[in-house]
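Counting from 1, the numbers follow the sequence of the chain as shown.
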Amino acid sequence: MSFAHDTKASLVTQSEALKHDCCRRAELYGILCMAGVFTRQKCKLVTTCVPLAELTIKWLDNLYNITGNLYITDKKSGDEDERRSCKITLPQKKELERLFTAFKYASDEPETSIKRELFRCPSCETAFIRGAFLSAGTLTDPDKSYHLEMSMSSNELADNFAALLTEAELEPKRMIRKNENVLYYKDSESIENFLAYIGANNAAFTIMNKKIEREIRSDANRIANSELANLGKTVAAAVDQISAINALISSGELERMPDELRQTAYLRLENDNATLSQLAALHDPPITKSGVNHRLKKIVEWKS
């Protein structure tokens with residue numbers, strides 16, 4: 001099961017447990033309002049989430065005594081979550097008129113308005129937004145990227161829904177794609193906040209944990225790269241030092257150098273892979289790391 005499908009199925013289970021009819025009505029309103037077609041002539045919702053389709057049919061009957069038509073089509077190919085397509089239609093004009101009246105629409109009022117007077121308690125707005133996501137939303141797997149969007153065909157509906165989200169401190173970004181108005185969130189924090197708001201806490205925590213894992217891996221890689229770069233510098237410096245010492249030996253210069261420089265030079269030749277700290281400890285008596293570094297610089301400069 002995909003991350004998006006799992007999130008929606010979990011939300012539907014949560015919605016089934018709603019205690020108040022006002023919240024059920026608000027969520028059903030969000031589901032239908034954001035469906036592919038929502039007009040006084042026809043209402044059509046297409047979804048691959050079977051639990052959502054079943055819940056919509058159930059609520060239409062229980063809350064408004066309306067019988068919706070449910071058509072289920074199974075495909076033989078494609079992603080497992082996308083093989084079953086559910087289509088709900090409300091073709092009866094009398095039932096649509098009764099539904100729009102129940103949703104508080106005046107006879108001359110555009111379907112693209114959002115009837116906030118339907119929100120009777122503080123939880124109704126959350127239920128409406130949850131229904132909108134269930135109907136029109138998609139969500140990418142956080143292992144791949146961060147992206148949550150809701151798509152609608154009407155510019156006016158997108159305006160009204162964006163305003164509602166902004167008032168709920170969930171301000172979305174917006175774009176037009178193939179004549180569709182898309183409200184979306186691209187950063188993980190905004191997606192986490194949206195999911196937590198509609199009650200998808202497990203999905204929000206999953207994204208949060210994935211982000212932490214990604215940051216830990218990034219930090220580990222950065223540290224490893226830094227250590228590798230430092231090791232490369234150390235090896236390159238040691239090669240230069242050994243080359244300089246061999247040149248000083250060949251020219252006889254090394255024997256004319258001060259005793260402490262000769263001691264450090266021979267220790268470097270004998271321990272070509274040793275770090276500065278290790279070389280410092282090999283001296284008799286031991287000296288500091290900075291002391292070794294200072295001597296090796298003098299040796300290389302002497303050769304020059």
Side-chain angles (χ1 to χ4, degrees), residues 1-18 27-28 30-37 44-59 70-88 126-153 158 161 165 170 172-175 177-178 180-218:
M1 185 177 288
S2 71
F3 182 66
H5 198 281
D6 186 48
T7 299
K8 286 192 175 185
S10 178
L11 283 172
V12 170
T13 300
Q14 179 177 318
S15 299
E16 288 174 333
L18 286 173
E27 185 160 335
L28 178 61
I31 292 169
L32 297 178
C33 182
M34 300 295 168
V37 179
K44 181 176 75 172
L45 168 67
V46 177
T47 179
T48 57
C49 183
V50 177
L52 172 61
E54 294 173 343
L55 181 66
T56 303
I57 290 293
K58 176 183 175 181
W59 277 354
L70 173 58
Y71 306 93
I72 298 178
T73 304
D74 288 317
K75 300 178 182 179
K76 294 183 179 180
S77 60
D79 294 339
E80 184 177 352
D81 294 338
E82 304 295 329
R83 290 179 188 175
R84 176 159 286 188
S85 177
C86 303
K87 181 173 72 172
I88 294 173
T126 299
F128 174 83
I129 294 174
R130 180 168 56 245
F133 171 74
L134 286 169
S135 181
T138 60
L139 177 66
T140 60
D141 189 323
D143 278 329
K144 299 176 181 178
S145 64
Y146 301 126
H147 189 82
L148 183 153
E149 71 177 43
M150 290 163 286
S151 178
M152 51 215 73
S153 58
F161 190 41
L165 290 172
L170 299 168
K173 296 183 182 300
R174 188 166 175 177
M175 65 179 173
R177 184 175 61 218
K178 295 181 180 179
E180 290 283 318
N181 289 267
V182 180
L183 305 181
Y184 70 96
Y185 304 98
K186 197 73 175 174
D187 65 284
S188 60
E189 185 176 354
S190 296
I191 296 172
E192 290 162 18
N193 291 340
F194 179 90
L195 292 173
Y197 182 83
I198 64 174
N201 293 317
N202 286 341
F205 284 133
T206 296
I207 292 175
M208 197 178 303
N209 289 335
K210 293 294 183 181
K211 180 174 64 175
I212 292 171
E213 289 173 7
R214 189 173 283 116
E215 289 174 351
I216 290 173
R217 285 198 299 268
S218 177

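- The shortest distance between side-chain heavy atoms of Leu55 and Glu16 falls below 4.5 Å.
- Interatomic distance, NZ of Lys186 versus NE2 of His147, reported as 5.0 Å (0.5 Å rounding).
- Between Ser85 and Val46, the closest side-chain pair of non-hydrogen atoms falls below 4.5 Å.
- Rounding to the nearest 0.5 Å gives a distance of 9.5 Å between CE of Met175 and CG of Leu183.
- Pairing each heavy atom of Ser151 with each of Glu180, the nearest pair is OG-OE1, 2.8 Å.
- Here the shortest heavy-atom pairing between Arg174 and Tyr184 reads N-CE2, 3.6 Å.
- Taking every heavy atom of both residues into account, Ser188 and Ile207 meet most closely at CB-CG2, 4.1 Å.
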When the side chains of residues 191-201 are checked against the rest of the protein, which donor-acceptor pairs come out under 3.5 Å, sequence neighbours left out?
| residue | atom | partner | partner atom | Å |
| --- | --- | --- | --- | --- |
| Glu192 | OE2 | Lys211 | NZ | 3.4 |
| Asn193 | ND2 | Glu189 | O | 3.3 |
| Tyr197 | OH | Glu125 | OE2 | 3.4 |
| Tyr197 | OH | Thr126 | OG1 | 3.4 |

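- Counting heavy atoms from C-beta outward, Phe161 and Cys33 have side chains that stay 4.5 Å or more apart.
- Closest approach of Pro51 and Val12 over heavy atoms only: O-CG1, 3.6 Å.
- Rounded to the nearest 0.5 Å, atoms OH (Tyr185) and NZ (Lys173) are 10.5 Å apart.
- Every pair passing salt bridge (charged side-chain N to carboxylate O under 4.0 Å, His left out) that includes a residue from residues 134-151 is listed here, sequence neighbours excluded: Asp143-Lys210, Glu149-Arg177.
- Once rounded to the nearest 0.5 Å, the distance linking CD1 of Ile31 with CG of Leu52 reads 5.0 Å.
- Between Leu32 and Thr56 there is a side-chain heavy-atom pair separated by less than 4.5 Å.
- At least one donor-acceptor pair under 3.5 Å links the side chain of Lys8 to the backbone N or O of Gly137.
- Remark: the backbone N or O of Leu11 is paired with a side-chain donor or acceptor of Ser15 at under 3.5 angstrom.
- To the nearest 0.5 angstrom, Phe128 atom CZ is 11.0 Å from Leu28 atom CG.
- The distance from the CD1 atom of Ile72 to the SG atom of Cys86 is 4.5 Å, given to the nearest 0.5 Å.
- The two residues Leu70 and Ala53 come nearest to each other via the heavy atoms CD1-CB, 4.0 Å.
- Using a 4.5 Å cut-off on side-chain heavy atoms (C-beta onward), Cys49 and Leu134 make no contact.
- What you find for His5 and Thr48 is that their closest heavy atoms are NE2-O, 3.4 Å.
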